[in-house]
Amino acid sequence: MVFWQGIMSEFYGLGIVILSGVILYGVACFRLFTTQHRKVFLSGRKGEGSPQDWGLDYEPLIIHDGEKRLHAWWIPGLRNSIVVLFCHGNGVSMHHLAQHVLFLRPLGVGIFLFDYRGYGDSEGTPDEERMLADGDTVWRHLVTERGLAGKNILLYGHSLGGGVATWLAGRYRCAGVVLEGTFTSIPDLGVDHYPWLPVRLLARIRIDNLARIGAITDPLFIVHSTEDKLIPFHHAQRLYDRATCRKHLLSIGGDHNDAFVQTKDRGVAALKIFFNL
């Protein structure tokens, strides 16, 4: 009797451990499912200042499309007709882009910055469909309101913004595309960070750059840090391998947010040569 009581006690204890594990796993899945939107669209940071504080002339703009109002800045170029349409990453607004703007400035290009809805002072709530729509709105503003030809617009996507740049480049002919620190897809990135969870089943946000990159026909410049802990380098390699256009992959060191700007003259020279600026 004592023997069987001991066996039952062990089974009971094991059952409690298993049940606790199942509950904890379920809670982790539920949290990932319910919080993924604010993880992907981290739009809380607002900034102060303007390009004038960076020593640059600029024109502040509000772009209307229906009921939404997107805030944007136009920074004129120095000598040529190319304009960089900069699609920024997560957790920042265009107020935080001084490093990138000053990094690109030696190219002599014009630079157009904007905030997706819900970022900075732009109105609304972001999601995948709306973020892409905002990129389309800004593209149409440059083409229809400012009279720019697509061949004179260089798309630049940093991190999350790479999803917007990739999508636009698949829809419109442009001067080319720069993807800095960009992921293949949100589910792929989720697997990197949560390998023990069924991320692909739980993902409600896709931003599938890997599926879209094959539609790009204009020159593609991918730059990514091999030390990037947020978006691992293998994302860049897979994007590069999938692309069928003229392409270049530049591997660098440094962290996710400012690795490319830290290359300074080397990075500028690489862009100048590849895009013949």
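For clarity, every value in this text was computed on a predicted model and none was experimentally measured. Residue indices begin at 1 and follow the sequence shown. Any value given below was found using the heavy atoms of this structure, including those in side chains, with hydrogens, waters and symmetry copies removed.
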* **NZ/NE/NH1/NH2 to OD/OE distance under 4.0 Å, R130 and D127** =>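 The answer is yes: the pair qualifies as a salt bridge.
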* With a 4.0 Å cut-off, would you call D208 and R212 a salt bridge? -> no
* Verdict with supporting geometry, I231 and L189, side chain to side chain contact (heavy atoms under 4.5 Å, CB included) -> CA-CA 7 Å; I231 301 176; L189 185 59; 4.1 Å; yes
* Asked: Got a sec, which residues hit ring pair (Phe, Tyr, Trp, His ring centres under 6.0 Å) with H71, two or more places apart in sequence or on another chain?
  -> none
Donor-acceptor contact below 3.5 Å, side chain [X] vs main chain [Y]:
| X | Y | result |
| --- | --- | --- |
| S93 | Y119 | no |
| H235 | T184 | yes |
| T166 | G162 | yes |
| E128 | I205 | no |

Side chains of [X] and [Y]: does their closest heavy-atom pair fall under 4.5 Å?
| X | Y | answer |
| --- | --- | --- |
| L250 | Y240 | no |
| V177 | P219 | no |
| L107 | L271 | yes |
| L168 | L85 | yes |
| F114 | I63 | no |
| D115 | D121 | no |
| K247 | I216 | no |
| S50 | Y58 | yes |

* Flag if over 12 foreign heavy atoms under 6.0 Å of CG, D53 ->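 Correct, the count exceeds 12.
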* Would you indicate whether Q52, at its atom CD, is surrounded by more than 12 heavy atoms from other residues, nucleotides or ligands within a distance under 6.0 Å? => no
* To do: Assess whether side chain to side chain contact (heavy atoms under 4.5 Å, CB included) is satisfied between R117 and M131, documenting all intermediate values.
  => CA-CA 7 Å; R117 71 185 76 189; M131 184 180 71; over 6 Å; no
[atom1]/[X] to [atom2]/[Y] distance, rounded to the nearest 0.5 angstrom?
| X | Y | atom1 | atom2 | answer |
| --- | --- | --- | --- | --- |
| S81 | L148 | OG | CG | 8.5 Å |
| E129 | R206 | CD | CZ | 15.5 Å |
| C174 | L142 | SG | CG | 12.0 Å |
| I111 | I75 | CD1 | CD1 | 5.0 Å |

How close do [X] and [Y] get, counting heavy atoms only, and between which atoms?
| X | Y | result |
| --- | --- | --- |
| L210 | R242 | O-NH1, 3.3 Å |
| I207 | G163 | CG2-CA, 3.8 Å |
| L113 | V101 | CD1-CG2, 3.8 Å |
| A175 | I82 | CB-CD1, 4.1 Å |
| C87 | A165 | SG-N, 4.2 Å |
| P232 | L230 | CD-O, 3.7 Å |

* Asked: Passes side chain to side chain contact (heavy atoms under 4.5 Å, CB included), F233 versus S225? Steps please.
  -> CA-CA 6 Å; F233 182 79; S225 171; over 6 Å; no
Ignoring hydrogens and angles, state whether a donor on the side chain of [X] or [Y] is under 3.5 Å from an acceptor on the partner side chain.
| X | Y | result |
| --- | --- | --- |
| D192 | H234 | yes |
| D188 | S185 | yes |
| H100 | E180 | yes |

* Structure fact -> Sorted by chain and number, sequence neighbours left out, side chain to side chain donor-acceptor pair (under 3.5 Å) with T217 holds for R173
* **Partner residues of R69 under the side chain to side chain donor-acceptor pair (under 3.5 Å) criterion, sequence neighbours left out** =>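 If we apply the side chain to side chain donor-acceptor pair (under 3.5 Å) test to R69, skipping adjacent residues, the hits are E123.
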* **Intermediate values then yes/no, ring pair (Phe, Tyr, Trp, His ring centres under 6.0 Å), W54 and H95** => CA-CA 10 Å; W54 313 338; H95 297 82; 8.4 Å; no
* To do: Quick one: do R246 and D218 satisfy salt bridge (Lys or Arg N to Asp or Glu O under 4.0 Å)? Show the steps, please.
  => CA-CA 7 Å; R246 184 168 75 87; D218 296 301; over 6 Å; no
* Asked: Between D255 and K229, is a salt bridge (Lys or Arg N to Asp or Glu O under 4.0 Å) present by the stated rule, with each step listed?
  -> CA-CA 7 Å; D255 66 20; K229 292 181 173 57; over 6 Å; no
* **Residue pairs passing the ring pair (Phe, Tyr, Trp, His ring centres under 6.0 Å) test where at least one lies in residues 242-277, sequence neighbours excluded** =>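 Matches after skipping sequence neighbours: F103-F260, H158-H256, F221-H248, F221-F274.
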* **Pairwise ring pair (Phe, Tyr, Trp, His ring centres under 6.0 Å) hits with a residue in residues 161-190, at least two apart** =>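 Non-adjacent pairs meeting ring pair (Phe, Tyr, Trp, His ring centres under 6.0 Å): W139-Y172.
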* Shared hydrophobic cluster for L70 and I62 (ILVMFWY, side-chain gaps under 4.5 Å) ->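 No, because L70 and I62 fall into different hydrophobic clusters, even though each may have its own neighbours under 4.5 Å.
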* **side chain to side chain contact (heavy atoms under 4.5 Å, CB included) between L179 and L220, intermediate numbers included** => CA-CA 8 Å; L179 297 181; L220 172 65; 3.9 Å; yes
* Asked: H88 vs Y116 aromatic rings, parallel, tilted or perpendicular, using cut-offs 30° and 60°?
  -> tilted
* To do: Give every residue pair that meets the salt bridge (charged side-chain N to carboxylate O under 4.0 Å, His left out) criterion with at least one member in residues 142-155, sequence neighbours excluded.
  =>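 For residues 142-155, and leaving out neighbouring residues, the salt bridge (charged side-chain N to carboxylate O under 4.0 Å, His left out) pairs sorted by first residue read E59-R146.
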